[in-house]
**Q** 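Next up is a structure, given as structure tokens.
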Protein chains: 2
Amino acid sequence: MEYMNTASTSEPRWLSDEQQRVWRSYIDATTLLEDHLDRQLQRDAGMPHVYYGLLVKLADSPRRRLRMTELAMYAKITRSRLSHAIARLEKNGWVRREDCPDDKRGQFAVLTDAGGEVLRQTAPGHVEAVQQAVFDRLTPEQQKALGEIMRIVAEGLQPSEAGADLPWLR
Amino acid sequence: MEYMNTASTSEPRWLSDEQQRVWRSYIDATTLLEDHLDRQLQRDAGMPHVYYGLLVKLADSPRRRLRMTELAMYAKITRSRLSHAIARLEKNGWVRREDCPDDKRGQFAVLTDAGGEVLRQTAPGHVEAVQQAVFDRLTPEQQKALGEIMRIVAEGLQPSEAGADLPWLR
DNA sequence: CCGAAGTAGTTAAAAATTCAAGGAGAGCTC
DNA sequence: GAGCTCTCCTTGAATTTTTAACTACTTCGG
């Protein structure tokens with residue numbers, strides 16, 4: 001009878017009333033926040049939040065560049081999605097592609113000066129939005145708890161052993 | 001010199017190192033989780049997470065129906081987005097529209113029997129996914145903290161209090 | 001060196017979302 | 001009741017994301 005315990009045959013583990021309220025709050029907050037930041041950045045920087053995050057990550061990287069796959073992993077998005085995103089950012093002149101000398105399949109996404117300039121001009125507004133929407137409203141204890149909780153959830157969903165096949169990271 | 005304190009002229013309130021780590025974890029967790037649930041539901045129920053949430057809300061409503069605007073507000077999405085979503089769900093036969101007798105502009109979104117059936121069959125798998133990704137990994141205290149934190153953030157972004165996030169305009 | 005298998009990245013098409021605009025009815029004022 | 005404004009919802013186009021191939025290159029095992 002070991003199969004009685006599989007998800008498909010056993011009694012569903014419904015959420016408690018309290019858990020349902022937590023989950024609803026989570027959905028509401030994440031939906032509203034992502035929407036809020038998307039609009040803020042679309043208005044002030046001309047790009048959605050995810051794209052902005054790509055530029056930030058490039059800016060923080062050595063020589064302002066990253067391999068496509070590596071950038072996709074940092075941003076937690078698919079390579080396909082990244083390809084489209086970089087194509088769009090390239091059209092804006094904020095990123096350029098560069099061939100990887102070591103691996104002829106490889107591409108670097110490189111932050112351009114124009115891209116750096118956009119970041120410089122819009123970063124303050126974006127941080128301010130994040131501060132007002134999140135950190136200003138939470139106690140230091142809550143901030144700490146949030147970090148811990150999100151770290152745990154993210155770890156549990158991390159694509160398994162990704163990076164094991166990325167030699168240049170080791 | 002009161003304008004010295006506007007966001008555009010004063011020194012940006014950068015995030016502390018610890019806050020940056022919290023924020024990064026938040027982005028990672030929410031991105032991975034939404035992606036995870038989208039795939040789970042796309043595979044098992046043939047629709048993205050947001051659409052699933054619409055059916056759930058309808059199922060919980062009196063007479064399994066809700067005015068479009070009301071549903072949009074519950075789901076925290078725009079009416080435009082909801083229009084498209086309901087159109088798609090209607091094509092699947094899971095929702096139908098009904099005219100509102102009181103207000104000729106109004107429309108009800110009504111959950112069909114087929115829609116209820118999809119929900120019945122896929123709800124267990126979805127709850128299980130949420131349990132495994134979130135609640136199984138958190139202590140009761142963390143679950144409580146998460147609820148409180150998300151409630152605070154969501155409240156601060158509620159459109160009803162629009163302008164609350166623009167203190168420099170007051 | 002050869003071939004099989006795996007990896008890096010792109011692409012086209014389909015689906016979803018945003019954005020701006022608009023039609024139609026409700027409600028308010030004079 | 002005419003005009004004005006506001007609300008409800010939809011629509012079409014543009015943008016973004018997903019999905020499923022697909023090309024080109026690398027690596028591994030012999």
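The figures that follow rest on heavy atoms only: side chains count, while hydrogens, waters and symmetry mates do not. Letters A, B, ... are given to chains in the order of the sequence lines, protein chains preceding strands, and every chain is numbered from 1.
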**Q** What does B:D35 touch in the nucleic acid at a heavy-atom separation under 4.0 angstrom: a base, only the sugar-phosphate, or nothing?
**A**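 If one applies the 4.0 Å heavy-atom cut-off, B:D35 turns out to touch the sugar-phosphate alone, with no base involved.
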
**Q** Check the distance between C:dT10's P and A:K91's NZ and give it to me in whole angstrom.
**A**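 So the two atoms are 14 Å apart, to the nearest Å.
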
**Q** Find out if a path of hydrophobic residues (ILVMFWY) with successive side-chain heavy-atom gaps under 4.5 Å connects B:Y52 to B:M68.
**A**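 Linked within one cluster.
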
**Q** Can you tell me how far P of C:dA8 sits from CG of A:L82, to the nearest Å?
**A**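 A:L82 atom CG is separated from C:dA8 atom P by 13 Å.
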
**Q** Which listed nucleotide (C:dA8, D:dT19, D:dC9) is nearest to the side chain of A:T69?
**A**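 Side chain of A:T69 sits closest to C:dA8.
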
**Q** May I ask you to say whether A:E98 pairs ionically with A:R65, meaning some side-chain N is under 4.0 Å from a carboxylate O?
**A**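 Salt bridge: yes.
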
**Q** For nucleotides 22-29 of chain D, just jot down a letter per nucleotide in 5' to 3' order: B, S or -, based on protein non-hydrogen atoms under 4.0 Å.
**A** --BBS---

**Q** Hey, does the side chain of B:R67 come within less than 4.0 Å of D:dT7's phosphate (OP1/OP2), counting only N and O?
**A**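 Answer is no, no contact under 4.0 Å.
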
**Q** Atom NE2 of A:H49 to atom P of C:dT18: distance rounded to whole Å?
**A**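 Those two atoms, NE2 and P, are 15 Å apart.
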
**Q** Classify the side chain of B:S80 and the base of D:dC9 as holding, or not holding, a donor-acceptor pair under 3.5 Å.
**A**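 For B:S80, whose side chain was compared with the base of D:dC9, there is no donor-acceptor pair (under 3.5 Å).
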
**Q** From C-beta outward on A:V50, which listed nucleotide comes closest to its side chain: D:dT10, C:dT10, D:dT17?
**A**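 For A:V50, the side-chain atoms sit closest to D:dT17.
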
**Q** Would you tabulate the side-chain donor-acceptor contacts of residues 107-127 of chain A under 3.5 Å, counting partners in other chains and residues two or more places apart, or write 'none'?
**A**
unit_1 : atom_1 : unit_2 : atom_2 : d
A:T112 : OG1    : A:G93  : O      : 2.6
A:T112 : OG1    : A:W94  : O      : 3.1
A:T112 : OG1    : A:A114 : N      : 3.4
A:T112 : OG1    : A:G115 : N      : 3.0
A:E117 : OE1    : A:R120 : NE     : 3.2
A:E117 : OE2    : A:R120 : NH2    : 2.8
A:E117 : OE2    : A:Q121 : NE2    : 3.0
A:T122 : OG1    : A:V118 : O      : 2.8
A:H126 : ND1    : A:Q40  : OE1    : 3.4

**Q** Should A:R13 and B:Q132 count as side-chain neighbours, where that means a heavy-atom distance under 4.5 Å?
**A**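 The answer is yes, as the side chains (C-beta and beyond) meet within the 4.5 Å cut-off.
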
**Q** Both B:R39 and A:R88 contact DNA chain D. Taking the nearest nucleotide for each, which residue is further toward the 5' end?
**A**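 Checking each residue's closest nucleotide, the 5'-ward one belongs to A:R88.
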
**Q** To the nearest Å, give me how far apart CG (B:D38) and P (D:dT16) are.
**A**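 B:D38 atom CG is separated from D:dT16 atom P by 19 Å.
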
**Q** Write down the distance between NE2 (A:H84) and C1' (D:dA14), rounded to a whole number of angstrom.
**A**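 Taking atom C1' of D:dA14 as the reference, NE2 of A:H84 is at 15 Å.
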
**Q** Go through the side-chain N and O atoms of A:E148 and B:Q142 and say whether any donor and acceptor fall under 3.5 Å apart.
**A**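 The answer is no; no qualifying pair exists.
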
